[in-house]
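Each chain gets a letter, A, B and so on, in the order the sequences are listed, and its residues count up from 1.
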Amino acid sequence: MAAERTRKRKRNQEEAIAKIKKGKAVKKGNNKKKKGSDDDSDFDDVMDMYKKTKPLPGQLENCEVCSKRFTVTPYSKAGPDGGLLCAKCGKEMAKEAKSTVKSSKPAVRKGRRKIESNRLDGLTFRGAKTLQQLCINTLATHADDIEEFGDMPEPILNKLSEIFSKKRAMKSNTFKLFLQPDLDVVAIHEAAYLETEDYDQIFAIVPHVKKLSLRNCCQFKDSNVDYMIEKAKNLADIQLLGANLVSNDKWMDLFIARGHDLRSLKLEWLDAAFDDQAVEALTTFCTNLERLKLERCKQIGPDSIDAIARLEKLQHLTLCYQKDIPRDRVVNLIAHVGSGLRTLCLERFVDAENENGPTDELLDVIRNTCTHLEKLRFSENNECSDAGYVNLFTEWSNPPLRYIDVNSTRDLDNSNPNGPEDPVGLSSAGFHALMQHSGTKLEYLDISSCRHISHETFAHIFSPEQTWPCLREINLSFCPVVDTQVVAGIFRSCPQIKKVVAFGCFEVHEVVVPRDIVLIGAPRAQDAIEQFGQVVMDFQKEFSGVENPAGMNRVVPVMS
Amino acid sequence: MSAQSQPLSAYVTLVSNDGYEFKILRDAACIAGTIKKALDPASGFREVAENRMELPTINGVVLEKVCEYLYYNQKNMESKDVPDLEIPPELCLELLIAADYLDV
């Protein structure tokens, strides 16, 4: 038996060798042609002439390194002097070659784009990510393999929803992980991949949902609204972005059926339906509404403004219209609801055809009626004057605000780029009055494109004697006078500052950014788009060790 | 009283629900907010006197990974561009819940 096997093996071996001999000749020819462009190949060819003739596969040869006798195979490696190596020495040689190749490569850096993106997200690169962050990232990359989340606390579930949305992993299968019968909140931040049937699942699985938030819910249709009305009896808070397949009548049905219980309603980016009549129904039936946000809903116009004025319990109001709204309608609205408001956001209220010319009526009515505001956004307005802002912030009975955004309040006339002589929009005196009124409590300030504020004003407000104890984030993009001195002054007079945005501030040159502060924009501040401070300034030392001793994750707050 | 007067030991013990004990540096352990609070001398908890914290919701495998993370975090506290710690996907969910509980 044994003898027969060896014979058979020998015969097979002979056949194999014959095959290999044939094959190798062909391969050699091919390789030479392919390798033609390689740098070393020419040199190799020349050297080949001087080398000993190599034995063919199957023959025996002594290894060049260890001198052991071995059988040549097609895989035998050539030694340093052109001879062949035995399998063992060949392997070692290959290993060495690999390690030299590796070490000669420059250290691989993470993509520059990724780094910049992290910075803009406010992720520091000093220290490690938190364990939670690491786990959440890992989960997101394995989204399809998860069967269920189990008993996950609500904030973590929301973080997971955020990262799934960001990575576009929120699909029909993964989305079901976020539906658990005992939940109060269903928040899908990016629902574009979900289909009509998926939305029904929400209300079937989580009938007690109180707060529903769906963004980019393109396939949310009338039938889903019907099912929601039927199933979700506890809904008090609805946010829908881009629900364009819901018809006007269905919006009204929703308000009639559920309006009484609704406390909060946010609708954004509705093009096709949702017109003034729907808003009329909204204000008639949702009488308990405390929070209303209507942004970029193309169909609604002045009549809806009058309707909203009837909502008596409003505390938070955010409006951004696509159509032009006559100023007196907005004034009337604020006069009616202003006294109860804690948040007021009026974006882009431009009244192009007002025959009385620009006035500060809007600011006046805010001053006279609003006394409980905490957050004020009054942006892209092109008529209120600096005097109007001074008047608003001087001896205003409203307590100091926490959040002020008056970005892009300036004249918009392309034929006169420098604007009229009396500056339109927040300017030096207005900025001064603003800081005097709210500076002690202010956490967020956006004055981007308020281009008439003078350098002296900035220098005075952010001088070493002044301290703005709560300010954490400031945006001064496109304020042309902002320079290195102003930015350095901000670092010094705002102990809590985390983020300074300075796009288009060409005067900001080589500024030293203190540790854990992020400076975004600043086109001439070195070549980076954004810088993260590494230096510990002496004025920071007294705070060191107080905040965030556990390393870093997110230094930059996301303010709302 | 006596616990307060004694100097703090350099190492503390973390105990998993299946009885595994991990002795790790106090500084590293205190990166986790929950552990830090439990071992804070001002709190007067039993954990302070014993330098030992039992974690009945975390099993040994997960706790080992947590300890690995704590040392990894401590080591990289001041460095830039820290490479991420590998997390085995099968541990991920339990580890996430543990991380939430421990506040790291």
Side-chain angles (χ1 to χ4, degrees), chain A residues 107-112 114-116 118-119 123-161 163-164 177 515-516 531-536 544-545 547-553, chain B residues 14 17 22 24-40 42 55-59 61-104:
Chain A
V108 186
R109 284 186 55 201
K110 252 199 301 177
R112 192 184 134 89
K114 182 74 200 149
I115 294 173
E116 297 299 345
N118 277 346
R119 286 170 181 172
L123 294 165
T124 36
F125 42 52
R126 189 172 65 86
K129 293 198 183 95
T130 62
L131 186 52
Q132 293 180 34
Q133 197 66 49
L134 289 170
C135 290
I136 287 172
N137 290 351
T138 314
L139 277 178
T141 52
H142 297 275
D144 288 332
D145 306 332
I146 309 168
E147 276 161 21
E148 59 170 331
F149 281 142
D151 206 5
M152 199 64 77
E154 183 103 35
I156 296 256
L157 208 57
N158 189 43
K159 272 190 206 161
L160 281 165
S161 170
I163 193 88
F164 273 53
L177 298 170
R515 177 157 155 175
D516 297 337
Q531 304 177 4
F532 239 114
Q534 299 299 328
V535 189
V536 185
S544 64
E547 66 175 322
N548 254 343
M552 293 290 119
N553 48 61
Chain B
L14 305 179
N17 62 2
F22 296 86
I24 73 167
L25 273 174
R26 179 183 295 269
D27 289 346
C30 287
I31 288 169
T34 309
I35 301 179
K36 187 184 161 93
K37 276 181 200 145
L39 294 175
D40 180 2
L55 299 160
T57 55
I58 303 176
N59 68 36
V61 183
V62 174
L63 191 57
E64 184 183 6
K65 196 75 195 170
V66 170
C67 293
E68 188 187 337
Y69 171 80
L70 291 172
Y71 274 125
Y72 152 89
N73 184 314
Q74 191 189 34
K75 191 179 118 206
N76 293 307
M77 192 78 87
E78 292 301 320
S79 39
K80 286 198 288 178
D81 287 330
V82 182
D84 286 351
L85 183 75
E86 278 299 315
I87 305 236
E90 65 276 10
L91 270 186
C92 220
L93 281 168
E94 284 179 90
L95 198 57
L96 180 55
I97 293 171
D100 179 59
Y101 170 71
L102 292 173
D103 188 19
V104 279

What part of [X] gets within 4.5 angstrom of chain B, counting heavy atoms only: side chain, backbone, both, or neither?
X	result
I156(A)	side chain
D145(A)	neither
E148(A)	backbone

Looking at every non-hydrogen atom in both residues, tell me the closest pair between Y72(B) and V82(B) and how far apart they are.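 For Y72(B) versus V82(B), the nearest heavy atoms are OH-CG1, 3.5 Å.
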
Residue pair V61(B) / E94(B), side-chain heavy-atom distance below 4.5 Å: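 Of all side-chain heavy-atom pairs linking E94(B) with V61(B), none is under 4.5 Å.
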
Pair Y69(B), L134(A) - check side chain to side chain contact (heavy atoms under 4.5 Å, CB included), show working. CA-CA 10 Å; Y69(B) 171 80; L134(A) 289 170; 3.7 Å; yes

Short question: side chain of S161(A), backbone of L157(A) - any donor-acceptor pair under 3.5 Å? no

